[in-house]
A.B. asks: 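Here it is, the structure in full.
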There are 2 protein chains.
Amino acid sequence: MPTASDFERMLRGASLRVTAPRIAVLSAVHTHPHADTDSIIGVVRQNLGAVSHQAVYDVLRALTGAGLLRRIEPQGSVARYEARVGDNHHHVVCRSCGAISDVDCAVGAAPCLDASDDHGFVIDEAEVIYWGTCPECTTAAKSS
Amino acid sequence: MPTASDFERMLRGASLRVTAPRIAVLSAVHTHPHADTDSIIGVVRQNLGAVSHQAVYDVLRALTGAGLLRRIEPQGSVARYEARVGDNHHHVVCRSCGAISDVDCAVGAAPCLDASDDHGFVIDEAEVIYWGTCPECTTAAKSS
DNA sequence: GTCTTTTCTGGAGTGAGTCAAGTTAACGAA
DNA sequence: TTCGTTAACTTGACTCACTCCAGAAAAGAC
């Protein structure tokens, strides 16, 4: 787990100012992957005390823009953030409880990046979301 | 292009009641693929006159649930609907203008459905979204 | 034609996220 | 160290897609 000074280095590397809210948000997302904005606000406030929700929204946007965080938003869910960036990985989402897990790319480094007919689009990323049922919900459904 | 009686047959096939708003919504989505709810409401009102937005939301949900329509919502966009259901196809989304195009599956009928490590999830669908720049935006960017 | 059930209307409400104006603090330069 | 600039934070109002609710209307079964 990265330390506060690691986070500081990451911020400086992205030429962003180092502030307590930013460190706290970065840390919260590292310890709570796939957390939604509300939970992040909660965690940040536990560590720092009062922080405006607006600040957290701003920080999340700044960090996402700088490539330090990645924003994901599966259908029917609010925005979630994760700290694992730079590798091409995807997600499985549980239809029943909304749980999210990371999945490494099925077909090498850049899977499915070739669309059969790209309609002239210049494609730079392929995002894959697997939909299914998580182990907990599967067993819960069986026993009912 | 399907006719009103085709739509009627589709509704009956899904054991849904046949009403003017439903026919109109079905027709609107067929003629305007990837339209958002607001545009659909607009098209429906052009054809039918006054229809409440609530009715359109209800109809869209009923038709989506019955499998007659498919709901897609790429990040940063509101919900959109398309009438092409039952075949496993995906979408390219333009980062700059939000345009959406259909893309057939790159790797056969069910692409990438095998995650390398599924964490015990029972996966039933793989959704792929390609991100890029559409032809219009590409040429616009070059000329500027 | 009458009855039951589903659908539609109109209006109020919810909640994630944004906008705007003013204050505060980070950090490079003097 | 202090100063000034500029980015970041606070507060609070606001937007907008979407939902909930209660009553009215219409579709389909008998």
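Atom set for the values below is all heavy atoms of this structure, side chains included, hydrogens, waters and symmetry mates excluded. In what follows, every chain begins at residue 1, and chains take the letters A, B, ... in the order their sequences are listed.
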A.B. asks: Between R80(A) and S77(A), do the side chains contain an N or O donor and an N or O acceptor separated by less than 3.5 Å?
C.D. replies: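 There is such a pair between these side chains.
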A.B. asks: What is the distance from CG of L60(A) to P of dA8(D), rounded to the nearest Å?
C.D. replies: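 Atom CG in L60(A) sits about 14 Å away from atom P in dA8(D).
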A.B. asks: Between D58(A) (side chain only) and A55(A) (backbone N and O only), is there a donor and an acceptor less than 3.5 Å apart?
C.D. replies: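 Checking the backbone N and O of A55(A) against the side chain of D58(A), no donor-acceptor pair under 3.5 Å is found.
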A.B. asks: Expressed as a whole number of angstroms, how long is the span from I41(A):CD1 to dT10(D):P?
C.D. replies: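 After rounding, the reported distance stands at 11 Å.
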A.B. asks: Start with the C-alpha distance between E82(B) and R71(B), add both sets of side-chain angles, then the distance that settles salt bridge (charged side-chain N to carboxylate O under 4.0 Å, His left out), and finish with yes or no.
C.D. replies: CA-CA 7 Å; E82(B) 65 178 355; R71(B) 177 189 172 112; over 6 Å; no
A.B. asks: Are the aromatic rings of H89(B) and H91(B) close, with centres under 6.0 Å apart?
C.D. replies: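 Yes, the ring centres sit under 6.0 Å apart.
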A.B. asks: Across nucleotides 17-30 of chain C, 5' to 3', mark each nucleotide with B, S or - according to how protein heavy atoms within less than 4.0 Å reach it.
C.D. replies: BBB-----BBS---
A.B. asks: Just by modelled atom types, is the S27(B) backbone N or O under 3.5 Å from a matching donor or acceptor in the T31(B) side chain?
C.D. replies: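 The answer is yes, because a donor-acceptor pair under 3.5 Å joins these two groups.
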A.B. asks: Let me know the distance between CD of Q75(A) and P of dA17(D), rounded to the nearest Å.
C.D. replies: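 Answer to the nearest Å: 17 Å.
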A.B. asks: Output the rounded distance in Å from CG (L48(B)) to P (dA26(D)).
C.D. replies: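 L48(B) atom CG is separated from dA26(D) atom P by 14 Å.
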A.B. asks: Using a 3.5 Å distance criterion without hydrogens, assess whether the side chain of R12(B) forms a donor-acceptor pair with backbone atoms of R17(B).
C.D. replies: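 No; zero donor-acceptor contacts below 3.5 Å.
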A.B. asks: Strictly below 4.0 Å, heavy-atom distances to any atom of DNA chain C: list the hits from residues 26-35 of chain A, or just say none.
C.D. replies: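 The answer is none.
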A.B. asks: Quick one: do the D102(A) and H90(A) side chains pair a donor with an acceptor below 3.5 Å?
C.D. replies: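 Not at all, the side chains of D102(A) and H90(A) share no donor-acceptor pair under 3.5 Å.
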A.B. asks: What about H30(B) and F7(B), are their ring centers closer than 6.0 Å?
C.D. replies: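 Yes, ring centres under 6.0 Å apart.
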